[in-house]
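What follows is a set of notes on a single structure, which appears directly below.
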Amino acid sequence: MATTKITLLPLYEKIWEKHKFSRFMDSITLLLLLMLLSYRLCSLYNFFTLPSFLALLCESWFTFTFLTTISTKWTPSHTRTYLNRLFLRVPHLPPVDLFVTTADPVLEPPIITVNTVLSLLALDYPSNKLSCYVSDDGCSPHTFYALVEASKFAKLWVPFCKKFNVQVRAPFRYFSGDSKAYNSDIPGFKQQRLKMKEEYELLCQKIQNADKKSIPCELVDEFADFSETQQRNHPTIVKVIWENKEGVSNGVPHLIYISREKRPEHPHHYKAGAMNVLTRVSGLLTNAPFMLNVDCDMYVNNPEVVLHALCILLDSNGEKEVAFVQCPQRFYDAVKDDAFGNQQVALPLYIGSGFAGLQGIIYAGTNCFHRRKVIYGKSPDLDIQNGNKDHVFINGILSEKEKTKTFGNSKGFVKSAASALEQKTFVSNDNSIHLDHEEVNKVSSCEYEYNTAWGKQVGWIYGSTSEDVLTGLRFHTKGWRSEFCTTDPIAFRGCSPQDSIGQMAQHKRWSSGLLEIFLSKHCPIFGTLFGKLQLRECLAYIWITTWALRSVPEICYALLPAYCIITNSTFLPNQVYGYQLHWY
Ligand SMILES: O=c1ccn([C@@H]2O[C@H](COP(=O)(O)OP(=O)(O)O[C@H]3O[C@H](CO)[C@@H](O)[C@H](O)[C@H]3O)[C@@H](O)[C@H]2O)c(=O)[nH]1
Ligand SMILES: [Mn+2]
């Protein structure tokens, strides 16, 4: 009886936050801004000068920006998930593919990637349902070597974490001492922890020694593929580093290394390109219906995160409406007082939960769970119920020619995409990986995407350095929602730039990438006019995609007083409704 009741309950709930005081203050500010604008308009009628006209333009922009900010922040929400209900409702948990991207062994040292990978391999989830794919755009034998060594260490690390219920499963953080699960009452913990620490130090030593050399080891056997490769000019290299052949649920998940083909004459589309190759290769090998993507410097901080995310994705409403589940981005090792704001505390707190209360949080590029069929271009189920069928995905309707036109000319991949769209992939008895080199090389080649829908209607979308926001925006424009998964402890942690130069470079890349979206055919305004982007979600997208433009009125407004002093003019009104105010 109790079980029947539980199966009717939702797997997650949306909690609406109360922000009465902040709403009140925001409303007052908006009112003051509107009063200032109307006052400015009236006085400009009698007293027109160029500075006061410029001031009016700037103030109008500020008011508009503030309006979009308020609208974004007005109804903040977060989610609460119920793991106990998930276990009762879903006895056979679905497979999940885990994607890690790395691009440069110098800027992103292999030991960082290794820690992220280890934290993923040790997730609290049946390991025969997980497969971890690492995309290395640096084509670095050092990264590959580090991963091979890490897979050996994982055989000790994963059981250790699970046995002692370690919370932080990235060893460098765990052994740095500020881990909560530092102590355990289980007998033998201290000795095993010490042993594990020694093993980890040995691993670090090996990786460090390898990093010092131009090549980590002799390029023979499995390393032979790295001889004669250059970072921007090399064939595809795919290696199954570790295979969980027996399919044991408490072992180490599959670990696969991919370095897609790169040639100087072909565009590689940066991270978006790497994500699309990961999607295709994993489609051929494991084809899990859900995928988690993290940057190489974002380790798992809450080992139950997959279960939390699945509560949302497998909930009966979530299944129909939610395209992706985004976890917040938090950082470790903040510089004192965070003078450069690198920790980004305010942004996720106010704007993140604000977006989450609308059509959904933006996709932030990392710490995000995706539905494979959505990545393949499917529209929400609601559409199908309403008879508005998406042309791509009703299997059988599309001819072979059309399928090839959409997904490319790999027969194996087209087949896997069709079954992913029909969600046939949930239960699989075969746990071994069948690596068909010919097909894998084909789908990760430079030319595969030409004349297909990849990067346009399917996969990660090209055309902006903020490919993440653009890809998420496309899902929202199709009518999908997204959810913000706020777990306790926080799901992931990463490192942020430590200095102002690093931060400025990052902000420049983000803001110009966001502006590219605003100025493109994917502009959120078109999304609302011609698509299914909700009005307030559109305003929120306008707010972030015009971030770079904000600098123009801000600088202009800051320069106005100086200009007026030099030219002995004024931008402040000195006439009110016909009355002359003589100050001097
Ligand atoms: O050609 C490339 C370039 C980058 N990356 C990877 O993409 C990720 C993000 O790149 P990074 O240069 O570290 O950008 P960040 O500013 O740190 O990343 C934020 O901003 C990006 C959008 O600009 C998002 O894609 C990221 O997920 C988000 O964390 C990293 O894992 C890189 O290894 C590649 O795989 N191939
Ligand atoms: Mn980064």
Side-chain angles (χ1 to χ4, degrees), residues 92-99 128-135 236 238-240 243-245 247 253-258 260-261 272-293 313 319 323-324 369-379 390-445 447-460 471:
H92 299 289
L93 290 168
V96 179
D97 287 339
L98 315 166
F99 297 164
N128 53 342
K129 302 276 176 70
L130 293 178
S131 312
C132 180
Y133 293 84
V134 181
S135 155
T236 298
V238 176
K239 304 258 176 211
V240 180
E243 191 180 348
N244 180 7
K245 271 195 192 125
H254 301 314
L255 176 60
I256 297 123
Y257 171 92
I258 304 170
R260 60 188 166 132
E261 185 189 17
M275 293 306 301
N276 285 340
V277 171
L278 279 169
T279 307
R280 292 196 293 270
V281 173
S282 65
L284 282 173
L285 301 186
T286 45
N287 209 18
F290 301 104
M291 19 214 218
L292 160 67
N293 97 272
L313 290 163
E319 284 231 286
F324 63 90
F369 290 84
H370 299 272
R371 240 180 245 288
R372 192 179 278 272
K373 59 179 184 181
V374 176
I375 296 289
Y376 290 169
K378 197 167 187 302
S379 293
D390 198 303
H391 76 284
V392 179
F393 290 121
I394 310 304
N395 196 36
I397 292 181
L398 272 191
S399 66
E400 281 307 309
K401 205 174 145 202
E402 279 170 313
K403 279 187 202 160
T404 312
K405 223 175 140 193
T406 309
F407 293 116
N409 64 358
S410 156
K411 283 208 172 72
F413 180 75
V414 168
K415 208 169 137 219
S416 85
S419 62
L421 288 161
E422 288 174 28
Q423 283 193 326
K424 275 185 187 165
T425 46
F426 256 62
V427 189
S428 157
N429 299 325
D430 183 11
N431 211 67
S432 50
I433 289 186
H434 306 286
L435 187 62
D436 178 343
H437 276 283
E438 201 181 311
E439 285 284 272
V440 166
N441 286 351
K442 194 182 216 177
V443 297
S444 24
S445 70
E447 288 166 22
Y448 185 77
E449 293 179 350
Y450 289 131
N451 303 320
T452 67
W454 287 99
K456 292 172 229 147
Q457 285 94 34
V458 171
W460 271 253
T471 305

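Among residues two or more places apart in sequence or in another chain, the salt bridge (charged side-chain N to carboxylate O under 4.0 Å, His left out) test is passed with Arg372 by Asp97. In this view, Val374 and Ala323, Arg371, Phe475, Trp480 satisfy the side-chain contact (heavy atoms from CB on, under 4.5 Å) rule, not counting sequence neighbours. For the salt bridge (charged side-chain N to carboxylate O under 4.0 Å, His left out) test, residues two or more places apart in sequence or in another chain that qualify with Lys239 are Asp225.
With a 4.5 Å cut-off on side-chain heavy atoms, Thr452 and Val458 do not count as touching. The closest side-chain heavy-atom distance from Pro253 to Asn244 is not below 4.5 Å. No side-chain heavy atom of Leu284 sits under 4.5 Å from any side-chain heavy atom of Asp436. Using a 4.5 Å cut-off on side-chain heavy atoms (C-beta onward), Met291 and Tyr133 make no contact. Side chains of Glu243 and Ser432 form a contact here, defined as non-hydrogen atoms less than 4.5 Å apart. At a threshold of 4.5 Å between non-hydrogen side-chain atoms, the residues Ser131 and Leu285 do not count as touching.
Centroid-to-centroid, the aromatic rings of Phe413 and Trp454 come within less than 6.0 Å.
Atom OG1 of residue Thr404 and atom CG of residue Asn451 lie 12.0 Å apart, to the nearest 0.5 angstrom. Distance OG/Ser419 to NZ/Lys373: 13.0 Å, rounded to 0.5 Å. Here CZ of Phe324 is found 9.0 Å from OG1 of Thr471. Values are rounded to the nearest 0.5 Å. Here the CG-CZ distance, from Leu98 to Phe369, works out to 8.0 Å after rounding to the nearest 0.5 Å. The line from NE2 of His254 to OG1 of Thr286 is 7.0 Å long, rounded to the nearest 0.5 Å.
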Subject >> Step-by-step side-chain contact (heavy atoms from CB on, under 4.5 Å) determination, Thr279 to Tyr376 >> reply: CA-CA 9 Å; Thr279 307; Tyr376 290 169; 3.6 Å; yes

**OP:** Run the numbers on Lys378 and Leu421 for side-chain contact (heavy atoms from CB on, under 4.5 Å), then give the verdict.
**Re:** CA-CA 8 Å; Lys378 197 167 187 302; Leu421 288 161; 4.2 Å; yes

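Counting all heavy atoms, side chain and backbone alike, Asn431 lies closest to Lys245 at CB-O, 4.3 Å. For the pair Ser135 and Ala274, the tightest heavy-atom approach, listed with the atom from each and the gap, is OG-CB, 3.6 Å. Summarising the geometry of Pro289 relative to Pro95, their closest heavy-atom pair is CD-O, 3.5 Å, with the distance given to 0.1 Å.
Checking each of Glu449, Glu439, Lys442 against Arg280 for a side-chain contact (heavy atoms from CB on, under 4.5 Å) leaves exactly one that passes, namely Glu449. Put simply, the residue from Ile258, Leu278, Val281 that forms a side-chain contact (heavy atoms from CB on, under 4.5 Å) with Phe99 is Leu278.
In terms of modelled atom types and a separation under 3.5 Å, the side chain of Asn276 and the main chain of Trp460 share a donor-acceptor contact. A donor-acceptor pair under 3.5 Å links the side-chain atoms of Thr236 to the main chain of Glu261, judged by distance alone.
Within a 6.0 Å sphere centred on NZ of Lys456, heavy atoms belonging to other residues, nucleotides or ligands number more than 12.
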